Amino acid sequence: MKYYDKLIFELSKEGRCGYSLPVNKFPAAPEVPLALRRESPLPLPQVAEPDVVRHYTNLSQMNFGVDTGFYPLGSCTMKYNPKINEEMAALPGFAGLHPLMHAGLTKGALKVYQEMNKALSAITGMYTFTFDPCAGAHGELTGLMIMRTYHLQRGDYGRTKVIVPDSAHGTNPASAAVCGLEVVEVKSLENGRIDVEALKPLLDNTVAGIMMTNPNTLGLFETQIEEIAALVHGVGGLLYYDGANMNALMGVVRPGDMGFDIMHLNLHKTFSTPHGGGGPGSGPVGVAKHLEDCIPDLRVSGFHGNFAVILRAYAYILSLGKDHLQKVGQYAVLGANYIKECLKDKYILPIEGVCKHEFVFDGLINDGAREGVPGATTLDVAKRLLDYGFHAPTIYFPLLFHQALMIEPTETESKETLDAFIEVMRKIADEAAEDPNILHEAPHNTPISRPDETTAARNPILKYQDTL
Amino acid sequence: MAQLSYLPHTEADVQAMLEHVGVNRLEDLFSDVPARFLHKGAYALPDALSEQEIRDYFASLEAMNARLKVFVGQGAYDHYTPSVIPYLCSRSEFLTAYTPYQCEISQGTLRYIFEYQSMLCALTGLDVSNASLYDGPTAAAEAMRMAIACTRKKTRVLLSATLLPHVIKVVQTYAKFYGVEIGLVQADGGQTSLEALKAELAKDDVAGVIVPSVNRYGIIEDLTGFADAVHAQKAILIEYCDPSALAVVKTPAEWGADVAVGDGQSLGLPLSYGGPYVGFMTVKKEHMRKMPGRIVGQTVDKDGRRVFVLTLQAREQHIKREKATSNICSNESLMALWVTIYLSLMGPEGLKEVNRISTDGAHYLKAELLKTGKFEDVFPDKPFLKEFVLKPKQFPGLMQKKLEEAGFFAALDTEEGYVSFCVTEKRSKEEIDRLVTIVKEG
Amino acid sequence: MSKILEGLKYSESHEWVKVEGNIAVIGVSDFAQAEMGDITYVDMPDVDDAVEAGEEFGALESVKASSELISPVSGTVVEVNEALEDAPEMVNEDAYGAWIIKVEMSDASELDALMDAAAYKAQIGE
C-alpha cells in the first residue's frame, strides 16, 4: 500500500467537466423564483473523468479488504464475498425496478423475497422474516419493536425492561433505548456465560424480554440456554437472538429450536455480502409463529429494505444449498479452535475449552514490561499485525477483559492462511518479550503511522472547507 | 458432490486441524451444545447450484420483472448513473473492507467519507455532516430523536403533511416506540401552512419541526418565516431535502434550518427496488455532539502527514451503550462513495444541468398532459422542478395499464387521489411524446 | 501519585467540591483526569438547569471513553466554565483549577456525606 495525499477538491480546476449529459431538447421552463433560488456558491470539485478514476483508484490502494488479505475481525465475520453475487445484484432487470411499482410488475423481485424467507426460516427455525431493516442494529431495533408490539397487543402494558448481558454488543442496549425500553444488565460468570442465578431476581412481569448472542461475544455457547429460555418465558418475557454470531451455528443449530422468539441476521456477515467499508448491510428479522401478527404495522425503512443486498445473499444461499450449509458452521468453528490452540501458550486465554467461531485472548502472557519500558498492549499487537500484512482482530471488546483481542477466522480461510497468521502472532509475542518498543512504534510499513486522535477530537476538522 | 469453491479445506487439512485441537470429528466441536438442539438431517433448502445454474436462474427471475421507463419519483429518482461509478465502487479494496477501525490501512475509506461530508456540507450549507445513515426516512427519524435530545423537556415533534408519505410513516414508527408525540402540520395550497405551524408551536411542547424542501407534490416550498417561528419557541428546524435539487433551490442554511436530512439516492444511485440507498444528515456546529452516526475528521500522524480518522466517537453506541445518540453502528459507506464519485463527476455545473434538463422535461410533460384534457391542474401557480401531480378527470386505472403495456411506469396514484409524474434527464422528448399519445388515446 | 487538595470535599465518583458560601464549585479530581487520559470534551449542563446529588450532570470524553459526571450536591447551576468548551485539556493540566460548574445548593447538609482529603486519599489507595 502506498501513501497518496490528495483530496478530490485539490484536483479541481474551474471549467473542468466530468459529466456527459444529453443536449436539452425541451423548451425552457420558468426559472426557479428568486425567493426560492439557491444564492450561495456550490463548492463541489470540477474535475475530468480520468482525474476521478485515478484519484479513487489511488484511494482504494490505501485500503485493506477481505480480497487483500486475512481479516480476522471478531464479531464481524469477514468471509469471502463471492463475485457472482455482485453480478447478479447488478442485473438491470433488478437494478431498474422502482420501489413503488405494484406487485404485477415486480414478480421476480417478490419471488426473491419469498424464497429468501423460506430459506432463512429453514436455516434458523423461525416462522417468517421481514426484510425491511438495513443493518444489524436496525434489525435489533425492529426486533424490539416487534417484542413491544407483542406485549401491547395482549394488553400487557407494564413490560418496560429488557435484559442485556454485560458481554453484549453496544448496539443491544442502544437499540433498546431507542425503542423506549429500560436496559437491565445481567452479569457474566467467570466462565463467560450468563449468570443464571443473577438473572433470576431480575425476572418479573415488567420484563419484555432478554437479548442474547449465542455463541456470545466471547465465542462461547450459552450452555444454559434451555434453562434461561424457560425462566424468561416463565415470566411472560420473550427471547431475542442477536444474529451477529450466527456463522458459528450455520447448518448445525437453529435459534428457533433453542427457544428464541425473535432474531435478526446480518446478511453482510453470515451470508457473505460485502461489508462495503461499513455498509450497506441488511438485517432481516425473523419471528416465531406466535409473533407473526406483530410485524405488519412496522415501517422501519423507506421501501423494502436493501434489496440489492438481499439478492446477493440469495445467490450465496443457492450456491450453498443444503449440501454445503453445515460446512460453514463447522469450518468456521474449526478455524477458531485451531488458532486458539496454536497461540494459547503465547497469549492469555482467560476461558479454556472449546470455542465457537471466535474467541478472546486477554493480551500477551509476556508483554515484555521492564524498568522504564511499559509492556506491549493489545493495541500494540494489533498495530504490529498490520506491518505483517494482516488486518487486526477486534480489540478492547468485549469489555469484560482489559486487553481483549477477539479473533474470528471464518470458514473461507485455508489452513495455510491460518498457519501464516499463527506464525506472525507468535513472532509478535516474541518481539514483545524481547523489546516491546518495536510494538509501541508499530505500524512501520503502512501508508501512514499512528494518528493523533486526541487533536482530531479536540479540534474537529470535519470537512474540506474547514481546512481552507 | 464437489467441495464448494469458497471453502479451501482439503480432507487432510481438516484432519490435521482437528488433531491439533484435540478432537476426532467436526461434530465434536459442538460438544458444548445440548444434543437435542443439534439439527438432525438435511435442512429444507434446495440443492446447491453451480455458478452457471445461478446465472440462468437469476435470468429467469429477472425476466419476471417488467422493464419500464420510469416516470415516477416519490422518493426514488431515476437519474443517470455514470459508468465510472459502479466501476470504481466495485474495486474490492473498497467493497470488501469493513468500517475503518484500523485507520493505518483504511485511509481510502476515511478519505472518501471526508470528501462525502464536505460535499454534503457544500450542498446543504450546514457545518457538519456525518458519514451517512441508512436512508432518507430513517435519517428523518434520527433527526426527530435528535430534536428531543437537543431541546430536552419537550415531547412533541411536528411533521409537515407535505413530506413524502414514506418519510412520515417511518418517523411515526420510530416516534411511537421512542415515546415522542408526532403532530402533523397541515398544508395550504400544496405548501406547508405557516399559520398552522404557528398554532401548533404555541402549545410550547415542540422540540423540532420537519419540513420538506421540495415536497410530495413536487412543489418547492417557501419557508419564509419558518426558522424564526420555530426558533422563537426554542425548537429546531429540520429540512428534508432532495440533495440533487439543492443545486438550484434555497439551501437549508439559507432558510435558517438547524438540521438537513434526506436521501442521497437522487445522486446517481440505481432504483434497485428501494435499496440500498443512503441517508444523509448535516447540522449546525452547535448540534454536532448530538448527531448520530460515524464522523470522520482530519488530523496528523506521528510523522506529521495529513491523515483521517473516525472521531467524536464518544457519542456512539460502542462507548456510550444505552446513552448513545443512536443505536446505529456503521453507515451506508459504499453508497456514500457512490454519491461522492457522482458529485465529483457532475461538479456544480453538471448538477445544475441535471436539474435544468429534468425540470424542462417535467414542465413540457405537464403542459402536454394538460393539453389532452384528461387532467386538472391541482396547483397551477406553484413552482416545481422534476416532479408534479395532476388530478385525473376519470378513474386512472385503465390509463395506467395502457402506459405499462407501452413500457412506461407513470401516473402513480397518491393518497389524495392525484397522479404523480416525474421526469429525469434520462427521459427523452420522444419518450414523453409517446407517453402523451398513449394518454390521449386511452 | 495524584494530587489531592486539602480543604476540598470529595465524592466517591471523584468529583471535588469547593464551598463558597451557598455556592458549590464542582470539578473532577486529579486522579480522575489521570485515569481518563487526554480529555477531548466536557459535556456540561446549561445555566439554570437543576442538578441532583448522585445524579449525572454531564460527562468527560476521551477518544475511546466517556465518563459520567455525578453531582455531589443538589441545586441549580448558576455558572458553567465556558473556557472548557474550547480547551478541555485544562482539566488534564490543572484538575483543581479547571472547575466545571457552580451550583447554588438547595441543601447544604448534603456536603456532610462527602469525604475530606484524607478520606478520599484512602479511597483511591494512595
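Sequence lines set the chain letters: A, B, ... in the order given, protein chains first and strands last, and positions in each chain run from 1. Remember, it's a predicted structure, so these values are computed and weren't measured experimentally.
B:D303 and A:S449 form a side-chain donor-acceptor contact under 3.5 Å, judged by distance and modelled atom types alone. Looking at B:Q298 and A:K463, their side chains never bring a donor and an acceptor atom within 3.5 Å of each other. Of the N and O atoms on the side chains of B:T109 and A:N63, at least one donor lies less than 3.5 Å from an acceptor on the other residue.
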List the steps, then state whether ring-ring contact (aromatic ring centres under 6.0 Å, His included) holds for A:F397 with B:H318. CA-CA 9 Å; A:F397 183 83; B:H318 61 286; 9.2 Å; no
B:R306 vs A:D5, test: salt bridge (Lys or Arg N to Asp or Glu O under 4.0 Å). Steps then yes/no. CA-CA 7 Å; B:R306 172 175 68 174; A:D5 184 40; 3.2 Å; yes
Test salt bridge (Lys or Arg N to Asp or Glu O under 4.0 Å) applied to B:D301 and A:R450, step by step: CA-CA 5 Å; B:D301 72 359; A:R450 287 195 202 185; over 6 Å; no
B:R55 vs A:E87, test: side-chain contact (heavy atoms from CB on, under 4.5 Å). Steps then yes/no. CA-CA 9 Å; B:R55 197 178 285 284; A:E87 235 185 287; 2.7 Å; yes
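The backbone N or O of A:D67 lies less than 3.5 Å from a partner atom in the side chain of B:T96, making a donor-acceptor pair. Side chain of A:R38 to backbone of B:L123: a donor-acceptor contact under 3.5 angstrom is found. Looking at A:N306, its side chain never comes within 3.5 Å of a backbone N or O of B:G275 through a donor-acceptor pair. Side chain of B:Q317 to backbone of A:T171: a donor-acceptor contact under 3.5 angstrom is found. Remark: side-chain polar atoms of B:N65 are paired, donor with acceptor, to backbone N or O of A:G108 under 3.5 angstrom. B:S330 places no side-chain N or O within donor-acceptor distance of the main-chain N or O of A:G279, the cut-off being under 3.5 Å. Using modelled atom types, one side-chain atom of A:D323 and one backbone atom of B:A48 make a donor-acceptor pair closer than 3.5 Å. Looking only at distances, no side-chain donor or acceptor of A:Y19 sits under 3.5 Å from a matching main-chain atom of B:L343. Of the possible polar contacts, none joining the B:Q107 side chain to the A:Y3 backbone as a donor-acceptor pair under 3.5 Å is found. Side-chain atoms of B:K250 come within 3.5 Å of backbone atoms of A:A35 as a donor-acceptor pair (strictly under, hydrogens ignored).
With chain B as partner, the option from A:N81, A:L100, A:L320, A:D257 having the largest number of non-hydrogen pairs under 4.5 angstrom is A:L100. Put simply, of A:T394, A:V309, A:L325, the one with the most heavy-atom pairs under 4.5 Å next to chain B is A:L325. When B:E332, B:K352, B:H363 are compared by the number of non-hydrogen pairs under 4.5 Å with chain A, B:E332 comes out ahead. In terms of non-hydrogen atom pairs under 4.5 Å with chain A, the most contact-rich of B:G347, B:A66, B:G125, B:S118 is B:S118. For the set A:V47, A:L59, A:L97, the entry with the most heavy-atom pairs within less than 4.5 Å of chain B is A:L97. Between chain A and the options B:E51, B:K320, B:K323, B:M335, the largest number of non-hydrogen pairs under 4.5 Å is found for B:E51. No other option in B:Y178, B:Y101, B:F94 has as many heavy-atom pairs under 4.5 Å with chain A as B:F94. For the set A:V178, A:D452, A:V66, A:V354, the entry with the most heavy-atom pairs within less than 4.5 Å of chain B is A:V178. The candidate from A:D466, A:L334, A:T68, A:I317 with the greatest count of non-hydrogen atom pairs under 4.5 Å with chain B is A:L334. Between chain B and the options A:M101, A:E140, A:E86, A:K111, heavy-atom pairs under 4.5 Å are most frequent for A:M101. Heavy-atom pairs under 4.5 Å with chain A peak, among B:V309, B:L18, B:D32, B:V307, at B:D32.
Ring geometry, A:H98 versus B:F409: the interplanar angle falls from 30° to 60°, so the pair is classed tilted. Taking the six-membered ring where tryptophan is involved, the planes of B:H9 and A:Y331 are essentially parallel, since the angle between them stays under 30° and well short of 60°.
B:E115 CD to A:Y464 OH: the interatomic distance, rounded to the nearest 0.5 Å, is 10.5 Å. A distance of 11.5 Å separates CG of B:L345 from CG of A:L44, quoted to the nearest 0.5 Å. Note that the CE atom of B:M346 and the OG atom of A:S20 stand 9.0 Å from one another [nearest 0.5 Å]. Note that CE of A:M88 and CG of B:L61 are 10.5 Å apart. Values are rounded to the nearest 0.5 Å. Note: B:H39 NE2 to A:I123 CD1 = 10.5 Å, rounded to the nearest 0.5 Å. Distance CZ/B:R111 to CD1/A:I8: 11.5 Å, rounded to 0.5 Å.
With a 6.0 Å radius and a threshold of 12 heavy atoms from other residues, nucleotides or ligands, A:K25 has its NZ atom at or below the threshold.
The two residues A:L462 and B:F114 come nearest to each other via the heavy atoms C-CE1, 3.4 Å. In this structure, B:M119 and A:F9 approach most closely via the heavy-atom pair CG-CZ, 3.7 Å.
Evaluated for a ring pair (Phe, Tyr, Trp, His ring centres under 6.0 Å) with B:Y273, the options A:F94, A:F303, A:F307 yield exactly one hit, A:F307.
Contact annotation for A:Y338: both backbone and side-chain heavy atoms come within less than 4.5 Å of a heavy atom of chain B. A:P43 touches chain B through backbone and side chain together, each having a heavy atom under 4.5 Å away. The parts of A:V300 that come within reach of chain B are both its backbone and its side chain, each placing non-hydrogen atoms under 4.5 angstrom from that chain. Of the two parts of B:Y57, only the side chain, counted from C-beta on, holds a non-hydrogen atom closer than 4.5 Å to a non-hydrogen atom of chain A.
In this structure A:A176 satisfies the side-chain contact (heavy atoms from CB on, under 4.5 Å) test together with A:L144, A:V162, A:L181, A:V183, sequence neighbours excluded.
Annotation: cation-pi geometry not satisfied between B:R91 and A:Y56 (NZ/CZ under 6.0 angstrom from ring centroid, within 45° of ring axis).
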